Trainee: 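Dumping the structure here so I can ask a few things about it.
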There are 2 protein chains.
Amino acid sequence: MSEQARPPIARRGRSAKPPLSSRSIVDATLALVRERGVDALTLRQVAERVDTGPASLYAYFANRDVLLEHVLDAAYAEVRLVDTHDGERGWREALAGTIVETITTLARYPGLGSVALGTIPVLPGALRLAEHELALMDEGGVPPGRAALGIDLIAQFAASSAIERSVRLLGGRGDGERQQVRSAYENADPALFPRIRRQAALLTAPDDRARRDFAIRVLIDGIERTAT
Amino acid sequence: MSEQARPPIARRGRSAKPPLSSRSIVDATLALVRERGVDALTLRQVAERVDTGPASLYAYFANRDVLLEHVLDAAYAEVRLVDTHDGERGWREALAGTIVETITTLARYPGLGSVALGTIPVLPGALRLAEHELALMDEGGVPPGRAALGIDLIAQFAASSAIERSVRLLGGRGDGERQQVRSAYENADPALFPRIRRQAALLTAPDDRARRDFAIRVLIDGIERTAT
DNA sequence: CTTCAATCACGAACACTGTTCGCGAACAGT
DNA sequence: ACTGTTCGCGAACAGTGTTCGTGATTGAAG
């Protein structure tokens with residue numbers, strides 16, 4: 001029933017190889033995800049990093065998905081929390097900064113955003129982030145019911161933004177592709193898609209940062225004023 | 001040499017078998033995705049549905065991902081566009097309805113939301129949706145620059161909502177899991193996560209619909225008023 | 001100090017996957 | 001009737017997540 005602490009694992013006689021543990025497996029996986037992304041991650045690579053075979057990982061995690069959930073939480077734990085700095089900064093700016101930090105941290109680990117969207121947050125790293133956001137909204141006088149909806153919305157936005165960004169990073173060709181999309185819009189059928197054709201330039205103009213900042217402003221303003 | 005029995009070779013021209021085409025492959029895949037989801041989809045299943053071998057699919061689509069992009073667009077094409085019905089309904093309500101339709105349509109095809117987040121929309125189904133949203137915002141007097149940011153934000157929100165929803169549907173046990181999450185929050189370390197512990201009930205109270213409606217209101221209000 | 005059962009690491013194997021290759025059948029143009 | 005070309009697709013490949021049985025390594029008992 002209750003999970004007791006795992007006894008220290010004695011290593012086999014020879015070298016002083018570091019002992020296997022969930023912590024070390026998660027850390028190794030996190031590093032691999034940063035280098036290659038979740039999609040390219042294989043359990044064999046993880047096993048090699050911790051100097052064992054793939055079967056050994058199953059003593060610590062039921063399967064690949066469970067391992068990734070813990071890796072995600074380790075990433076959440078790395079997010080720098082921006083606070084109001086004793087009133088120097090407003091709660092809105094602190095919250096916006098925390099959201100940006102969440103996105104950039106997640107985007108550093110390509111594919112983890114997808115894990116985040118499929119997981120209900122219960123591990124400590126995610127709770128830490130949620131607690132901080134609740135505290136900021138509390139400071140801003142946001143009623144708790146709305147704050148509850150707000151942190152869900154923020155988490156969903158941050159995860160999906162990280163996915164979009166890391167896909168664009170891995171896909172490469174950042175600027176060439178935009179030109180390509182723009183010309184696709186400009187050549188769209190004017191009978192079916194007149195606005196897209198006419199506003200092609202405007203539609204492809206904003207860069208990632210502009211979209212992100214606009215979205216964050218929409219979210220925070222909305223959380224502050226929208227009736228529940 | 002046990003296998004000499006090949007099916008009668010009447011394969012060509014006026015054979016009883018319908019000719020292979022991108023359209024028929026996409027349709028077959030769409031049906032399979034609705035039944036089993038993207039993750040469980042294999043090219044062998046698709047090939048079997050169109051009565052061929054997996055290698056033949058590569059004559060029409062460069063790889064699995066490209067096929068899925070076309071499947072996504074076929075799903076977009078199914079989204080029912082809600083309009084203002086000659087002024088009976090406001091543009092906000094029409095836009096909200098269209099967003100809901102997009103989410104429910106995508107959620108009917110588990111896993112397609114992830115494809116949507118990784119794809120820049122250029123195929124006709126996505127353009128049709130974007131054109132409609134642009135028209136509604138135009139009717140509402142939203143300036144084009146803000147509308148451009150708006151459709152991006154809406155697309156991102158719809159895709160990520162569909163992911164969350166279909167994950168929750170496939171994960172099953174909708175209500176039991178919520179109880180579990182709630183008790184996890186209630187038992188959180190009060191020194192580290194006081195608000196989560198105190199507001200556990202509030203945090204787990206809103207259901208999917210409440211969250212979705214709140215989010216849509218935040219988005220539309222924000223798009224209407226937030227400065228660019 | 002020896003013995004023994006329990007624990008746990010992990011090599012090998014399994015069932016599948018997306019993708020490639022090359023043969024051969026079916027056509028169009030001589 | 002004979003090509004040259006196209007293209008469907010069976011078979012094979014490299015690699016995946018996961019399972020299982022084996023054997024090494026242990027703390028405690030004798």
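Because the structure is predicted, anything quoted here is derived from the model rather than measured. Residue numbers start from 1 in every chain, and the chains themselves are labelled A, B, ... in the order their sequence lines are given, proteins ahead of strands.
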Trainee: Would you write the dot-bracket representation of DNA chain C, where each base gets (, ), [, ], | or . depending on whether it forms a Watson-Crick or G-U pair under 3.5 Å and with which partner?
Mentor: ||||||||||||||||||||||||||||||
Trainee: Enumerate the residues from residues 55-66 of chain B whose closest heavy atom to DNA chain C is under 4.0 Å, giving them by residue number; use none for an empty result.
Mentor: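 Under 4.0 Å from DNA chain C: B:Ala55, B:Tyr58, B:Asn63, B:Arg64.
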Trainee: For B:Thr52 and D:dG8, is the shortest distance between a side-chain N/O and OP1 or OP2 below 4.0 Å?
Mentor: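 It does not, given that no N or O in the side chain of B:Thr52 lies less than 4.0 Å from OP1 or OP2 of D:dG8.
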Trainee: What pairs with A:Gln45 under side chain to side chain contact (heavy atoms under 4.5 Å, CB included), at least two apart in sequence or on another chain?
Mentor: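 By the side chain to side chain contact (heavy atoms under 4.5 Å, CB included) rule, A:Gln45 matches A:Leu32, A:Arg36, A:Leu41, A:Thr42.
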Trainee: Test of understanding: with salt bridge (charged side-chain N to carboxylate O under 4.0 Å, His left out), list the residues that count as partners of A:Arg23, not counting sequence neighbours.
Mentor: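 Checked A:Arg23 against salt bridge (charged side-chain N to carboxylate O under 4.0 Å, His left out); matches are A:Asp27.
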Trainee: By side chain to side chain contact (heavy atoms under 4.5 Å, CB included), which residues pair with B:Ala55, not counting sequence neighbours?
Mentor: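 If we apply the side chain to side chain contact (heavy atoms under 4.5 Å, CB included) test to B:Ala55, skipping adjacent residues, there are no hits.
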Trainee: Quick one: salt bridge (charged side-chain N to carboxylate O under 4.0 Å, His left out) pairs with a partner in residues 187-202 of chain B, sequence neighbours left out?
Mentor: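 The answer is A:Glu131-B:Arg195, A:Asp138-B:Arg195.
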Trainee: Can you tell me how far P of C:dC10 sits from CG of A:Asp51, to the nearest Å?
Mentor: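 Rounding to the nearest Å, CG of A:Asp51 and P of C:dC10 are 7 Å apart.
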Trainee: Taking salt bridge (charged side-chain N to carboxylate O under 4.0 Å, His left out) as the definition, give me every residue that meets it alongside B:Glu69, ordered by chain and number, with sequence neighbours left out.
Mentor: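 Here no residue qualifies.
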Trainee: B:His70: what forms a ring pair (Phe, Tyr, Trp, His ring centres under 6.0 Å) with it, not counting sequence neighbours?
Mentor: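 B:His70: ring pair (Phe, Tyr, Trp, His ring centres under 6.0 Å) contacts with B:Phe61.
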Trainee: Name every residue in residues 37-44 of chain B that has at least one heavy atom under 4.0 Å from any atom of DNA chain C, in order of residue number, or write none if there are no such residues.
Mentor: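 Heavy-atom cutoff 4.0 Å gives B:Leu41, B:Thr42, B:Leu43, B:Arg44.
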Trainee: Distance-only criterion, 3.5 Å: show the donor-acceptor pairs between side-chain atoms of residues 121-128 of chain B and protein atoms not counting sequence neighbours.
Mentor:
from, atom 1, to, atom 2, distance (Å)
B:Arg128, NH1, B:Tyr76, O, 3.3
B:Arg128, NH1, B:Ala77, O, 3.4
B:Arg128, NH1, B:Val79, O, 3.3
B:Arg128, NH2, B:Val79, O, 2.8

Trainee: Applying salt bridge (charged side-chain N to carboxylate O under 4.0 Å, His left out) as the test, list every pair that has at least one member in residues 99-127 of chain B; sequence neighbours left out.
Mentor: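 Every pair satisfying salt bridge (charged side-chain N to carboxylate O under 4.0 Å, His left out) with a residue in residues 99-127 of chain B: B:Arg80-B:Glu101.
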Trainee: Please enumerate all residues that pass salt bridge (charged side-chain N to carboxylate O under 4.0 Å, His left out) together with A:Arg34, with sequence neighbours excluded.
Mentor: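 Testing A:Arg34 for salt bridge (charged side-chain N to carboxylate O under 4.0 Å, His left out), a comparison that skips the adjacent residues, returns none.
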Trainee: Between the side chain of B:Thr98 and the main-chain N/O of B:Val82, is any donor-acceptor distance below 3.5 Å?
Mentor: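 At least one qualifying donor-acceptor pair exists.
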